[in-house]
Q: 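Pasting a structure here, questions to come.
Letters A, B, ... are given to chains in the order of the sequence lines, protein chains preceding strands, and every chain is numbered from 1.
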There are 2 protein chains.
Amino acid sequence: MYLYNIEMDKRPSDTVIRAWTRLMRAQQLALGSIEGALKAAGLPPLVWYDVLLEVERAGPDGLRPYELERAMLLAQYNLSRLIDRIEAAGYVERKLCTDDGRGQRVVMTDAGKVIRRQMWPVYARAIECAVGDRLSEEEAEILGDLLGRLIGGQDDLTIPKTASNTVRARELAQ
Amino acid sequence: MYLYNIEMDKRPSDTVIRAWTRLMRAQQLALGSIEGALKAAGLPPLVWYDVLLEVERAGPDGLRPYELERAMLLAQYNLSRLIDRIEAAGYVERKLCTDDGRGQRVVMTDAGKVIRRQMWPVYARAIECAVGDRLSEEEAEILGDLLGRLIGGQDDLTIPKTASNTVRARELAQ
DNA sequence: GACAGTTAGATGCAATTGCATTAAACAACA
DNA sequence: TGTTGTTTAATGCAATTGCATCTAACTGTC
């Protein structure tokens, strides 16, 4: 009983708390700076990029919203409306899904490809500015490894998606 | 001209992109898990904790909203309404500021102290779960250092606040 | 095929956020 | 003092998010 409580109520060390705090802060600042850069350039917000990238990667047949949902860790109702907006802007299209009457396929439009390519340089510059300019290559690798440990095992769905989104941006972007 | 462009358009390496992506993802997951834990426990969201902590730390005279704003990297209009809500819940009080007719002082109530203390164990457990359980003490230290490098210099206002919020939570909690 | 259970996606509504603007108080200065 | 510019804080309004619920289509079982 005594030992049991010690285990259950184990409190984070100061070091752990510091890492936590800085994780929150660093992400907030980094995200803010990229969103600001995109807005300043008259471009859509960052989530749009992730969606567009995922959809473009999926090829001419696009993909199902629920696939997108899992790849992006986005709530279903949230994604549904996000697609509404992106579609309204003309960057993706919803096509009906032949093999599943409930569903649909989200596919890229030409305008979508264009805008995604326009966003990438701005995005890239912001990443470089927030991370690349501040860490050596070795440090960035260590940071990536450590953060990977925080991601892994948190949620079944996220594990296979670890290398997702932005990582593959490099391949597509130019 | 050629060299100039190379500098300006320097693109992030794959390693840097990976670190970036995982920063976003790790924070998203970690934040989500703590918010979920708080909600499940019937407690207010995480921002409330940060506000309450900052206000409690400020002592009996409280602090000015604009100080809070800077400490927390929160937009002014956003904070204004956040205080509205926390005040409506009875956890802080707005008192008028003797030395500045425009302003006010946000001070803690007893109920606020109680709720903050109730939130801490849940918060602490979530931090331990998201970070402490996944990294050794040494790794957490390295992670904190690297993240600190991402924070420093990004914004003048944030530098003096690096050790902010949650870090000091430990002292107050319990 | 009928029926219970599950999954995909949308939607009404409330809460929160972002943006632009406003009002009041202060500060500096002619 | 009157004028101009700045800082503090609030607020109207639109956009986004979160929650709960709903519909339609699928799956499996009998």
Q: Could you tell me whether the phosphate oxygens of dA8(C), OP1 or OP2, come under 4.0 Å of any side-chain nitrogen or oxygen in R70(A)?
A: yes
Q: If I take atom CG in residue L74(B) and atom P in nucleotide dA10(D), what distance separates them, rounded to the nearest angstrom?
A: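 That distance rounds to 13 Å.
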Q: Figure out the CG/P separation between L96(B) and dA9(D), and round it to whole Å.
A: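 So the two atoms are 12 Å apart, to the nearest Å.
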Q: Could you state the CD-C1' distance from Q104(B) to dC26(C), rounded to the nearest angstrom?
A: 16 Å
Q: How close or far is atom P of dA9(D) from atom NZ of K95(B), stated in whole angstroms?
A: 17 Å
Q: To the nearest Å, how far apart are L82(A) CG and dA10(C) C1'?
A: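 So the two atoms are 14 Å apart, to the nearest Å.
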Q: Should R22(A) and R149(B) count as side-chain neighbours, where that means a heavy-atom distance under 4.5 Å?
A: no
Q: Q76(A) side chain N/O closer than 4.0 Å to the phosphate oxygens (OP1, OP2) of dC19(D)?
A: no
Q: To the nearest angstrom, how far is R102(B) atom CZ from dT8(D) atom P?
A: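 Rounding to the nearest Å, CZ of R102(B) and P of dT8(D) are 6 Å apart.
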Q: Is there a side-chain polar atom (N or O) of R85(B) under 4.0 Å from OP1 or OP2 of dT17(C)?
A: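 R85(B) to dT17(C) OP1/OP2: side-chain N or O found under 4.0 Å.
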Q: Ignoring hydrogens and angles, are the base of dG9(C) and the side chain of R105(A) linked by a donor-acceptor pair under 3.5 Å?
A: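 Per atom types, no contact qualifies.
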Q: Please report the shortest heavy-atom distance between L38(A) and P45(A), naming the atom on each side.
A: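 For L38(A) and P45(A), the tightest heavy-atom pair comes out as CD1-C, 4.0 Å.
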Q: Taking the nucleotide of DNA chain C with the nearest heavy atom to each, does G103(A) or G103(B) sit closer to the 5' end?
A: G103(A)
Q: To the nearest Å, give me how far apart CD1 (I86(B)) and C1' (dT16(C)) are.
A: 13 Å
Q: Is the phosphate of dC19(C) approached by Y77(B) (side-chain N or O, under 4.0 Å from OP1 or OP2)?
A: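 Checking dC19(C) against Y77(B), a side-chain N or O does come within under 4.0 Å of OP1 or OP2.
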Q: Please report the distance, rounded to the nearest Å, between CG in N78(B) and P in dA9(D).
A: 15 Å
Q: Quick one: are K95(B) and Q104(B) in side-chain contact, heavy atoms under 4.5 Å?
A: no
Q: Between V51(B) and L74(B), is there a side-chain heavy-atom distance shorter than 4.5 Å?
A: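 Side-chain contact under 4.5 Å: no.
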Q: Taking N and O atoms by type only, does the side chain of R81(A) place a donor or acceptor under 3.5 Å from a partner on the base of dG9(C)?
A: no
Q: Using a strict 4.0 Å threshold on nitrogen-to-oxygen distance, state whether E54(B) and R57(B) make a salt bridge.
A: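 Yes.
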Q: Taking the side chain as every heavy atom from C-beta outward, state whether E141(A) and R18(B) have any atom pair closer than 4.5 Å.
A: yes
Q: What's the angle between the local helix axes at either end of the helix from dG1(C)-dC30(D) to dA30(C)-dT1(D), using five pairs per end and rounding to 10 degrees?
A: 10°
Q: Closest nucleotide of DNA chain D for I83(B) versus for D100(A): which of these residues is on the 5' side?
A: I83(B)
Q: So which one's nearest nucleotide on DNA chain C is more toward 5', K39(A) or Y66(A)?
A: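 The residue mapped nearer the 5' terminus is Y66(A).
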Q: So do V47(B) and I86(B) actually touch side chain to side chain, heavy atoms under 4.5 Å?
A: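 In short, these two side chains do not touch, never coming nearer than 4.5 Å.
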Q: Contact class for R64(A) vs. all strands (heavy atom < 4.0 Å): base, sugar-phosphate, or nothing?
A: sugar-phosphate
Q: For P65(B) and for A75(A), find the nucleotide of DNA chain D with the closest heavy atom, then tell me which residue's nucleotide is more 5'.
A: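 So the residue in question is P65(B).
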Q: Measure the shortest side-chain to side-chain distance between V107(A) and L63(A) over non-hydrogen atoms and say whether it is less than 4.5 angstrom.
A: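 Not touching, per the 4.5 Å side-chain cut-off.
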